[in-house]
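Down below is the structure, laid out as structure tokens.
The model shown is predicted, which means the values in this text are computed figures rather than measured ones.
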Amino acid sequence: MDLKRALRQLSELERLGGSMRLAAEGWGSEWKCLIATIMSAQSRDETTIPIAQTLFNTYDSLEKLSKSRYKDVLYIFRRLNLNKGKAKNVISCSNELIKNYNGKIPHDLDKLIELPGVGRKTANVFLSEHGKYGLAVDTHVFYLARKLGWSKANNPHKVEADLKKLFPPKYWSQVNPTLVRFGKKYTSRKKKNELLENIKKI
């Protein structure tokens, strides 16, 4: 795949996808961004954002969240997918950050993925939101990257590696939100594939 062509396709995906807010965006605090991203795993952003807002209204600091009771956080998460595990992870992650990092989020992939509830995708989303090089591969990125011929790999880690080879680092933070917005906007597989066929000709 030629880089110039891939960049034209990325630009068209961005134009078509619009400006929907994603769960990691718009919090103004690094800890809120990380916690909201943990919460968003296998959950819709439009569901996650108001639940995260309720959580942050209830616990307005990482320290307060670290001292929260599991049953109280679980109640806030009651409409969130995988809520039991996420409630435990959010409290445990907050504790780890207070205990080991003085409440500051490490900007290091290897350290991030050691935190409860933080996998490679979550870590990359966080890093890219804060000016670091990160390229997160979720279901939308995995599907679209393969459809467009940006990668032929069969697992997310290899797709991530292919995308990092294709796009220079300055574009990495653009890839995930662009493809996620496009994927979320066009929920019909038929419509999505029609658009992708046109984009592949660019």
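- Remark: the S43 side chain and the K86 side chain contain an N/O donor-acceptor pair separated by less than 3.5 Å.
- Two different hydrophobic clusters hold L127 and Y133 under the rule that ILVMFWY side chains link at heavy-atom gaps under 4.5 Å.
- With respect to the salt-bridge test (charged N to carboxylate O, under 4.0 angstrom), the residues K158 and D162 do not qualify.
- N57 and Q53 share a side-chain donor-acceptor pair at under 3.5 Å.
- Counting heavy atoms from C-beta outward, R79 and I51 have side chains that approach closer than 4.5 Å.
- Counting heavy-atom neighbours within 6.0 Å of E46 CD, excluding the residue itself, gives a total above 12.
- A side-chain donor-acceptor contact under 3.5 Å links R146 and N154.
- In this structure a side-chain-to-backbone donor-acceptor pair under 3.5 Å is present from K185 to L16.
- Taking CE of M1 as the start and NZ of K165 as the end, the distance is 15.5 Å to the nearest 0.5 Å.
- In terms of hydrophobic clustering, with Ile, Leu, Val, Met, Phe, Trp and Tyr side chains grouped at heavy-atom distances under 4.5 Å, Y59 and L115 are assigned to a common cluster.
- More than 12 non-hydrogen atoms from other residues, nucleotides or ligands lie less than 6.0 angstrom from CZ of R5.
- Between E197 and K201 no salt bridge is recorded (no basic side-chain N to carboxylate O distance below 4.0 Å).
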### Task
Before giving the answer on side-chain contact (heavy atoms from CB on, under 4.5 Å), spell out for L34 and T122 the whole-Å C-alpha distance, their side-chain angles and the decisive distance to 0.1 Å.
CA-CA 8 Å; L34 182 63; T122 296; 4.2 Å; yes

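- When all heavy atoms are compared, the tightest approach of N95 to S66 is ND2-O, 3.2 Å.
- Remark: E12 CD to L196 CG distance equals 10.5 Å, nearest 0.5 Å.
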#### Entry: Candidate pair F182 and E14, rule side-chain contact (heavy atoms from CB on, under 4.5 Å), full reasoning
CA-CA 7 Å; F182 178 86; E14 189 170 37; over 6 Å; no

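- The 12-atom threshold is exceeded at NZ of K184, counting heavy atoms of other residues, nucleotides or ligands nearer than 6.0 Å.
- Nearest heavy atom pair, residue N124 against residue G134, reads OD1-CA, 3.4 Å.
- Annotation for R8: atom CZ counts as buried by contact number, over 12 foreign heavy atoms lying within 6.0 Å.
- Between atom OG of residue S92 and atom CD of residue E96 there is a gap of 7.5 Å, rounded to the nearest 0.5 Å.
- Remark: R181 is not positioned above the aromatic ring of Y186, lacking an NZ or CZ atom under 6.0 angstrom from the ring centre and at most 45 degrees off the axis.
- Hydrophobic cluster membership differs between L97 and V125, with clusters built from Ile, Leu, Val, Met, Phe, Trp and Tyr side chains linked at under 4.5 angstrom.
- With salt bridges taken as basic N to acidic carboxylate O contacts below 4.0 Å, one links R69 and D72.
- I38 is not connected to Y75 by any chain of hydrophobic side-chain contacts under 4.5 Å among Ile, Leu, Val, Met, Phe, Trp and Tyr, and they are in different clusters.
- Between P116 and K88 the shortest side-chain heavy-atom distance does not fall below 4.5 Å.
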### Message
As a quick check of understanding, evaluate side-chain contact (heavy atoms from CB on, under 4.5 Å) for F56 and I35, giving each step before the final call.
### Response
CA-CA 10 Å; F56 301 146; I35 295 299; 3.9 Å; yes

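- Under a hydrophobic-cluster definition in which Ile, Leu, Val, Met, Phe, Trp and Tyr are linked whenever side-chain heavy atoms come within less than 4.5 Å, directly or via other members, W172 and F142 are assigned to the same cluster.
- Separation of atoms CE (M39) and CD1 (I49) is listed at 10.0 Å; rounding is to 0.5 Å.
- The shortest side-chain heavy-atom distance between L112 and D108 does not fall under the 4.5 Å cut-off.
- Between E160 and K121 there is no salt bridge, since none of the side-chain N atoms of the basic residue sits less than 4.0 Å from a carboxylate O of the acidic one.
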### Task
Evaluate side-chain contact (heavy atoms from CB on, under 4.5 Å) for F167 paired with L3, printing each intermediate quantity in order.
CA-CA 7 Å; F167 293 99; L3 173 60; 4.1 Å; yes

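- Taking the six-membered ring for Trp and thresholds of 30 and 60 degrees, F126 and H107 have ring planes more than 60 degrees apart, a perpendicular arrangement.
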